[in-house]
S.K.: 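The structure's right below; bear with me while I get my questions together.
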Amino acid sequence: MTDVVTTVAVAMFAGAVRVSTPFLFVSLGECLTEKSGRINLGLEGTLVFGAMSAYAVSYLSGSPWVGVLAAGLAGSLFGALHGAICRLPKVSDIAIGIALMLFGTGFAFFLGKGFIQPTAPRLQAIDLGFLVSDPQLKVALQINPLFFIGLILAVVLWWGFANTRIGLVVRMTGDSAATARAMGVSVDGVRFWATTVGGFLAGVGGAFLSLFYPGSWNEGLSSGQGLMAVALVIFSRWNPLACVAAALLFGAAGALGPALQSVGISQGYHFFNAAPHILTLAIMIATSSSKRSLKGAPGELSITK
Amino acid sequence: MSAVTADPVSPEPSRLAALGPAVEAVIVPIGAVAAAAALFSLFLLVLGKSPLTFFELLWRGGFGTAFSWQNTLIRTAPLIFTALCVALPARLGLMIIGGEGALVIGGFAAAVVALPMIGVMPGWVAMPVMFAAAALAGALWIGFVGYLRHVRAVNETIASLLMFYIAVAVLNFFVEGPLRSPTDPNKPSTAPIGADFKVGSIPGLDVHWGLVVGVVLAIAAHVLMTRTTFGFAARVTGGNVRAARAQGLPVGKLMIATCALAGACAGIAGYFEVAAVSGKANASLIAGYGFTGILVSFLARHNPIAIPPVAVLFGGLAAAGGLIQRRMGLPDASVQVLQGLIFLFILVSETVYGRLSLFSPETRR
């Protein structure tokens, strides 16, 4: 029995590290966008499109890192589109996000049809297995470099929001557009760039999906990770470091289904696969309140008004 | 008419200005769809495909023959229901995008209550029970989202989409597990509900009654929103929540009730998919009607009365998808791409309202 528990625990730890990376990138991107006072619900579409472009470019160029870059650039195009449309008056950022979600997935399926069959070169993991002797842990410690890049990025964002001029301008724009305007800052410009960079990060998150884990391109690749990451930002109270913790938690929840299957528990695996969705909903219910506005929420954010 | 002849000094302008918003509401969406179609044509040209062939096939597959009309109208019915699931809450300023989940859960509920009644109850007992079960399941599903929004201020857009994934898990769990019927070895399904419980076709058409129910429901929703106190209160809330609260309107109850009504509409879509189309509950319930319904509602500007005609348009697009795929060698997602473009252009066109000098009263005078 303890063996089973250990196996599941190790698998969930490995899963947390493995599955969390796309959550991490999307949530960091969304965190940046929301800090500027806009919400981009379209990151689910960006994620899927990023996954497709990464796989296709990796296959065509032979280099997975070129694929990652392509995914980022494709993602930033989607972000830029969102940013550009939302600066028009009377256009809802939430509605545009929904439209981009549907358009991004549809366009990815359209262009990616021909890349379902071929095998593209994947990203290689950094093997930290030498640190431990347990064979299971050895496998679990094969960690993708993107995970570490994500961690560094989270620290940089956290530090940058507090200590740099750009960080301050983004936060000011998000908290009060009127103040930003009074200071001579272009509100639409700041939001445009925040959404574009946010889209870049979400695209890279998609590249992880298709080039590392699960490591293939098909139409069922993402089941709402991009959208859950948006909820995760709210749960993290717009703090990039908290995004890391939340992404790990979601990764562990996402690994629950496969971990239980690996020890032969397959009964009800549909529900275990839906564990991240249920967890997201539960967390949203537990941490929201109708009595007070959320602590740390950017004042201009339409979703918390 | 007599007023115009009696007062020759200020004849047309005031009348046109009064018509302005209505004309705008027709012309702007048409312009947006045309722009999306133009961009899509450009995209096809880049791929070396003929846009003319595409739109010709679209016409033929969707509206060209009696058979294609039948295909179109079968797909129109669920789109009307799922679009209502978006349009009703939108009037309160709520953005529900998880109608697909309520459709799935509604269809599943209809099949579940039908199973013990097979061979025991006559159709006239079972069919209303199935219908009510589907509507109730959908109402609870989206009503819960409205409840969360009211009690915990949980964002309804994200919550409703998460509920879609949970609905899919529920359906798959039961259909592949406890309720799996051995009659269909290839596709996990519940047992067939049987011919007695199936919904028939409208006389003279090979289209099930869901279409009629959908149109009636759309008209009822229109009346509810424009001619009743409930609808007035809902629109006030949608316009300004604080003003509504200050007036003592029961904002929370309005939200929950509207979401429940919306969910019931989507649940009814699931009922007809099970009881009129497939005859059992399985994964084919997840056909994307809920997501296309979002687009239908936006194109209809969340106006229930405009939903049926718009739904026919998108029903045709869905019906022609297969033909386009076979004849032109395009992936089936090409319809999704066109839909996505139309959605984007429709949203962008929101910015145009009230800005076209042609319709604005100021420039007329």
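Quick note on labels: first sequence line is chain A, next is B, and so on, each numbered from 1.
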S.K.: Main chain of A:Leu88, side chain of B:Thr351: is a donor-acceptor contact present, judged purely on distance under 3.5 Å?
M.R.: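 Looks like no, no N/O pair under 3.5 Å.
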S.K.: Test: salt bridge (charged side-chain N to carboxylate O under 4.0 Å, His left out). Region: residues 83-109 of chain A. Which pairs qualify, not counting sequence neighbours?
M.R.: none
S.K.: Listed by chain and number, what are the side-chain contact (heavy atoms from CB on, under 4.5 Å) partners of B:Arg326, not counting sequence neighbours?
M.R.: B:Leu323
S.K.: For residues A:Ile94 and B:Thr157, determine if any side-chain heavy atom of one lies less than 4.5 Å from a side-chain heavy atom of the other.
M.R.: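 A side-chain contact under 4.5 Å exists here.
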S.K.: Taking the six-membered ring for Trp, are A:Phe271 and B:Phe173 closer than 6.0 Å centroid to centroid?
M.R.: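 Close enough - the centres of the two rings lie under 6.0 Å apart.
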S.K.: Looking at every heavy atom in both B:Ile158 and A:Ala231, which two are closest together, and how far apart are they?
M.R.: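 Looking at all heavy atoms of both residues, the closest pair is CG2-CB, 4.0 Å.
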S.K.: Rounded to the nearest 0.5 Å, what separation is found between the CZ atom of B:Phe174 and the NE2 atom of A:His270?
M.R.: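 Rounded to the nearest 0.5 Å, the CZ-NE2 separation comes out at 11.5 Å.
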S.K.: Shortest non-hydrogen contact from A:Met284 to B:Asn155?
M.R.: CE-O, 3.9 Å
S.K.: To the nearest 0.5 angstrom, please state how far the CD atom of A:Glu44 sits from the CG atom of B:Leu161.
M.R.: 7.5 Å
S.K.: Hey, which residues of residues 283-296 of chain B are touching chain A, say heavy atoms under 4.5 Å apart?
M.R.: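 Answer by number: B:Phe291, B:Ile294.
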S.K.: What's the separation between atom CZ in A:Phe103 and atom CG in B:Leu344, rounded to the nearest 0.5 Å?
M.R.: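 Between A:Phe103 CZ and B:Leu344 CG, I get 6.5 Å after rounding to 0.5 Å.
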S.K.: Any non-hydrogen side-chain atom of B:Arg152 less than 4.5 Å from a side-chain atom of A:Thr287?
M.R.: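 In short, these two side chains do not touch, never coming nearer than 4.5 Å.
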S.K.: Which atoms of A:Ile278 come close to chain B, meaning under 4.5 Å heavy atom to heavy atom: side chain ones, backbone ones, both, or neither?
M.R.: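 Its backbone and side chain both get close to chain B.
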S.K.: Any sub-3.5 Å donor-acceptor pair from B:Tyr165's side-chain atoms to A:Gly224's backbone N or O?
M.R.: yes
S.K.: With sequence neighbours left out, write down each residue that passes side-chain contact (heavy atoms from CB on, under 4.5 Å) with B:Ala333, or none if nothing qualifies.
M.R.: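 So B:Ala333 forms a side-chain contact (heavy atoms from CB on, under 4.5 Å) with A:Phe109, A:Phe110, B:Gln336.
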S.K.: What closest approach, in Å, do B:Ala153 and A:Ser288 show between heavy atoms, and which atom pair accounts for it?
M.R.: O-CB, 4.0 Å
S.K.: So which atom in B:Leu162 and which in A:Leu281 form the shortest heavy-atom distance, rounded to 0.1 Å?
M.R.: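 The answer is CD1-N, 3.9 Å.
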S.K.: Pick one of side chain, backbone, both or neither for A:Tyr269, based on which atoms fall under 4.5 Å of a heavy atom in chain B.
M.R.: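 The side chain, not the backbone.
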S.K.: So for A:Ala286, is it side chain, backbone, both, or neither that comes closer than 4.5 Å to the heavy atoms of chain B?
M.R.: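 Backbone of A:Ala286 only, per the 4.5 Å heavy-atom cut-off to chain B.
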